[in-house]
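Everything quoted here is computed from the prediction, not taken from an experiment.
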Amino acid sequence: LVVSPRENQKNYANVTFQTLGYKYSSTTGANVTLHNGAITTDSMWNTVRQHNGSVTFGSADATATDLNVQTLEMHGGTFTWQPDDTGEDAYIGNLRIYGGTFDASQTTNADRSKVLGNGTGTSIRLFRGGTMKLDNARGNISVHTAADGFYNFGGVLNVDSNVKIGLTNNAT
C-alpha cells in the first residue's frame, strides 16, 4: 500500500485498517509507504516507510494478537505506537528513525508492555533529526534481550524517570 495524496495534502488521504484487516498470511502483514496523510490501524505490518503524515498504530477499542511491525523506517511525520496486543507483547523488530517522532508515550494502552527488537539480527537506531518518546509513565517498554542493540546517533530520546539505561560508546 502506498499512500501519496494529491498535491501532498495530508487531509486528502485518510486510511483505516480494521482489526487484523490486512494480512498476506497468518504471520505476514502489509508493506506500507506513507508520503503524507493519516493511517489508523489495528493490523500487523511487515515493512513501513513513513516520510510524513501520521500513523496511529493501535486503539482503545480493538484488541488483537500479533500487532507487530517487522521493520519501521521513519523519515518524517509522527508514528503513535499504542497497540493492545492480547497475545505476547507487541514488538517492532527493526526501527530506524531518521526524522519525525516515534511516540509511545500516549495513555491509550499504556498498561500493555511493548518490545523494541524481536531477536538476533534486529536493532533500534535513532538518528539526529528524529525523536523517540518512550516516557509513558509505566516503564514497560523494553529492548529485546537478544536484539543487536539500541543506537542513538544524536536523536532526542525521552524516557520515564527512574529507568535503568546502560550506555556504551561504540565509536572506533
Side-chain angles (χ1 to χ4, degrees), residues 1-6 8 10 12-59 62-106 109 112-134 141-153 155 157:
L1 173 67
V2 176
V3 180
S4 185
R6 185 181 61 190
N8 205 25
K10 63 183 175 184
Y12 284 4
N14 295 299
V15 179
T16 301
F17 288 83
Q18 298 300 321
T19 304
L20 297 178
Y22 193 84
K23 297 192 315 185
Y24 292 130
S25 69
S26 63
T27 58
T28 305
N31 293 320
V32 178
T33 300
L34 177 66
H35 293 285
N36 214 331
I39 295 177
T40 303
T41 186
D42 277 301
S43 283
M44 72 168 67
W45 283 352
N46 187 41
T47 301
V48 181
R49 289 185 178 84
Q50 182 175 353
H51 298 278
N52 209 344
S54 64
V55 172
T56 303
F57 191 87
S59 68
T63 59
T65 58
D66 300 323
L67 290 178
N68 306 317
V69 177
Q70 294 301 321
T71 300
L72 172 58
E73 182 181 293
M74 291 187 68
H75 298 274
T78 301
F79 188 98
T80 302
W81 193 38
Q82 56 189 28
D84 187 1
D85 193 320
T86 58
E88 296 179 2
D89 299 337
Y91 69 79
I92 296 178
N94 285 295
L95 179 58
R96 306 290 182 265
I97 304 173
Y98 300 102
T101 300
F102 177 84
D103 188 357
S105 68
Q106 302 298 310
N109 299 325
R112 297 291 194 181
S113 296
K114 300 165 192 76
V115 179
L116 298 171
N118 69 325
T120 304
T122 62
S123 65
I124 299 88
R125 296 175 189 265
L126 175 61
F127 294 88
R128 184 179 325 278
T131 299
M132 186 175 225
K133 296 180 178 182
L134 303 180
I141 301 170
S142 62
V143 175
H144 193 281
T145 56
D148 292 343
F150 184 125
Y151 300 92
N152 186 344
F153 298 103
L157 175 62

Please round to the nearest 0.5 Å and tell me the distance separating atom [atom1] of [X] and atom [atom2] of [Y].
X: Q50; Y: H75; atom1: CD; atom2: NE2; result: 10.0 Å
X: D89; Y: L116; atom1: CG; atom2: CG; result: 11.0 Å
X: F127; Y: M74; atom1: CZ; atom2: CE; result: 13.5 Å
X: E88; Y: L67; atom1: CD; atom2: CG; result: 12.5 Å
X: E73; Y: L95; atom1: CD; atom2: CG; result: 10.0 Å
X: N46; Y: N68; atom1: CG; atom2: CG; result: 11.0 Å

Student check: side-chain heavy atoms of [X] and [Y] closer than 4.5 Å:
X: L34; Y: F79; answer: no
X: H144; Y: T122; answer: no
X: T33; Y: H51; answer: yes
X: R112; Y: P83; answer: no
X: M132; Y: I124; answer: yes
X: F102; Y: L134; answer: yes
X: L157; Y: L126; answer: yes
X: S123; Y: N94; answer: yes

Do side-chain atoms of [X] reach the backbone of [Y] as a donor and acceptor pair under 3.5 angstrom?
X: D148; Y: G121; answer: yes
X: T41; Y: S43; answer: yes
X: N109; Y: S59; answer: yes
X: N31; Y: T47; answer: yes
X: Q106; Y: W81; answer: no

Exercise: identify the closest heavy-atom pair between N118 and G93: OD1-CA, 3.4 Å
Nearest heavy-atom neighbours spanning A147 and V143: CB-CG1, 4.2 Å
Test applied, side-chain contact (heavy atoms from CB on, under 4.5 Å); reference residue, F57; option that passes from I92, V69, L72: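 Answer after filtering I92, V69, L72: V69.
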Verdict with supporting geometry, D103 and Q82, side-chain contact (heavy atoms from CB on, under 4.5 Å): CA-CA 9 Å; D103 188 357; Q82 56 189 28; over 6 Å; no
